[in-house]
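What follows is a set of notes on a single structure, which appears directly below.
Each residue takes its place number in the sequence, starting with 1. No experiment lies behind these values; they were computed from the predicted model shown.
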Amino acid sequence: MTLARYACDPAKSRGRRYTQAPAPTRTDYQRDRDRIVHSTAFRRLVYKTQVFLNHEGDLFRTRLTHSLEVAQLGRSVARSLGLNEDLVEAIALAHDLGHTPFGHAGQDALNACMADYGGFEHNLQSLRVVDHLEERYPEFDGLNLTFETREGILKHCSRHHAEQLERFEPGGVGQRFLARTQPSLEAQLCNLADEIAYNAHDIDDGVRSGLITLAQLQQVPLFDDFRQQALAEFPHLQDKTQERRLLYESIRRMLSAQVYDVISATQGALHMAAPATLDAVRQSPPLVQFSAAMREQSQTLKSFLLEKLYRHPRVLDTTGQAQQAVRDLFARYLAQPEDLPESHRRRLGAALASEPVPARALPRIVADYIAGMTDRFALREHQRLTGQRLLFEPF
């Protein structure tokens, strides 16, 4: 496929942090994708929470299946816009590599634990995973991904953290947060594909769990319009035994409408901005977008999910126990670093000798260790160290 003039061309990449000869059969972005897929952090995503803890059911989304859905949606839009599908796929597959166990509950708890040591943010941790924490190559730490993939992974960043990144990598991935410029269109697309994916699959998982119903979803125009369309075309779906098919058909139509809306709205924005180059994209306002009407409908859906699903008493109960597990683990490792695995104790020794603020070395390594845990490993480790059994994890 011919790339648009404003797309990321792997032949013009800003390169890797450590110079490597190009692969004979793959572009640099294809090589990034393959490194991500083979990484340890990627495999761990299969046992990390999206909304429902992994042990609550085999069919609920995890961080891994979510990442695959983001990649599929991103590729579909990229193809229509002439963007680089391989780069979109690489960013999508890597965007949650730094996420904690227990979803956003785990992230919030770990951020609170790290409040006096620089905080914790999963986007920044994803970059830390691919830049430092993966240990797969003899010449360097991390996966040594291209600038463009790393830029897409870091979709949010505080000014404080951006300044830290800029000190270690002048003109690197933190610079745009200081200059207030935009990332590539491929990175912008992954941000929106992420939102589309989790809104859709959280409807599916929420209904499957019994926490929300199709009747409640009639309050949400973005979903109910397509439910009514599906019933008009397939009247037999009104039968109670066909509820699952009705749900799937409504979600499928909703996803298609959002994809087509993004393509149309983005084409309009590109026509107005007329960026001739990738650099012009970076100097423009965000260009990958919903139409105003779809943005409003998407926001209504997000508000519904927040009220009816994410704040449901059953979800909040597991959230509280999950956060306790994270807090207890953090306190234990901070007080007794000898309980850390040998690999992390070795890293601690090296960090204490080189960190500009050695007092922060142990908390950061503890955060790295906890963030890398799967849900079930964190619960098992918590039980081993505290004797408490949380969340009824089936061992």
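- Salt-bridge formation is not detected for the pair Glu381/Arg332: no Lys NZ or Arg NE/NH1/NH2 atom is positioned less than 4.0 Å from an Asp or Glu carboxylate oxygen.
- Residues His132 and Asp368 have side chains that never bring a donor and an acceptor to within less than 3.5 angstrom of each other.
- Side chains of Arg245 and Gln242: a donor on one and an acceptor on the other come within 3.5 Å.
- Scanning for side-chain hydrogen bond (donor to acceptor under 3.5 Å, both in side chains) contacts around Glu139 gives an empty result, with sequence neighbours left out.
- The shortest heavy-atom contact between Asn123 and His95 is ND2-O, 4.0 Å.
- Taking both residues in full, the closest heavy atoms of Phe226 and Ala257 are given as CZ-CB, 3.4 Å, listed atom of the first, atom of the second, then distance.
- Counted by atom type alone, Asp261 and Ser291 present one or more donor-acceptor pairs between their side chains at under 3.5 Å.
- Checked by atom type, the side-chain pair Asp202/Tyr310 shows a donor-acceptor distance below 3.5 Å.
- The hydrophobic cluster analysis finds Met272 isolated: no Ile, Leu, Val, Met, Phe, Trp or Tyr side chain comes under 4.5 Å of it, directly or through other members.
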Show, in sequence, the C-alpha distance, side-chain angles and deciding distance for Leu362 and Tyr333, and conclude whether the side-chain contact (heavy atoms from CB on, under 4.5 Å) test is met. CA-CA 9 Å; Leu362 176 58; Tyr333 295 133; over 6 Å; no

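- Taking every heavy atom of both residues into account, Gly171 and Phe147 meet most closely at O-CE1, 4.4 Å.
- Ring geometry for His104 versus His122: interplanar angle over 60°, hence perpendicular rather than tilted (30 to 60°).
- If you check the side chains of Thr146 and Asp32, you find a donor sitting under 3.5 Å from an acceptor.
- Remark: Phe290 CZ to Arg295 CZ distance equals 5.5 Å, nearest 0.5 Å.
- When only modelled atom types and interatomic distance are considered, Ser303 and Glu307 share no side-chain donor-acceptor pair under 3.5 Å.
- Looking at Glu186 and Asn84, their side chains never bring a donor and an acceptor atom within 3.5 Å of each other.
- Screening residues 101-118 for salt bridge (Lys or Arg N to Asp or Glu O under 4.0 Å), with sequence neighbours left out, gives no hits.
- Two residues are said to be in side-chain contact when any heavy atoms from C-beta on lie closer than 4.5 Å; Glu85 and Glu89 fail this criterion.
- Listed by chain and residue number, Arg35, Asn144 satisfy the side-chain hydrogen bond (donor to acceptor under 3.5 Å, both in side chains) test with Gln20 (two or more places apart in sequence, or in another chain).
- Between Tyr47 and Phe377, the gap from one ring centroid to the other reaches at least 6.0 Å.
- In terms of heavy-atom proximity, Leu348 sits nearest to Pro337 at CD2-CB, 4.3 Å.
- Counting heavy-atom neighbours within 6.0 Å of Tyr260 OH, excluding the residue itself, gives a total of 12 or less.
- Residues Gln218 and Arg227 approach most closely at CD-NH2, 3.5 Å, considering heavy atoms.
- Between Tyr198 and His66, the angle of the ring planes lies from 30° to 60°, which puts this pair in the tilted group.
- When Asn111, Thr100, Leu110 are each tested for a side chain to side chain contact (heavy atoms under 4.5 Å, CB included) with Val326, only one passes: Leu110.
- Grouped with Tyr29 in one hydrophobic cluster are Leu87, Ile91, the linkage being side-chain heavy-atom contacts under 4.5 Å among Ile, Leu, Val, Met, Phe, Trp and Tyr residues.
- Taking both residues in full, the closest heavy atoms of Thr49 and Arg63 are given as O-NE, 2.9 Å, listed atom of the first, atom of the second, then distance.
- Among pairs with a residue in residues 271-284, those fulfilling side-chain hydrogen bond (donor to acceptor under 3.5 Å, both in side chains) read Glu151-Arg282, at least two apart in sequence or across chains.
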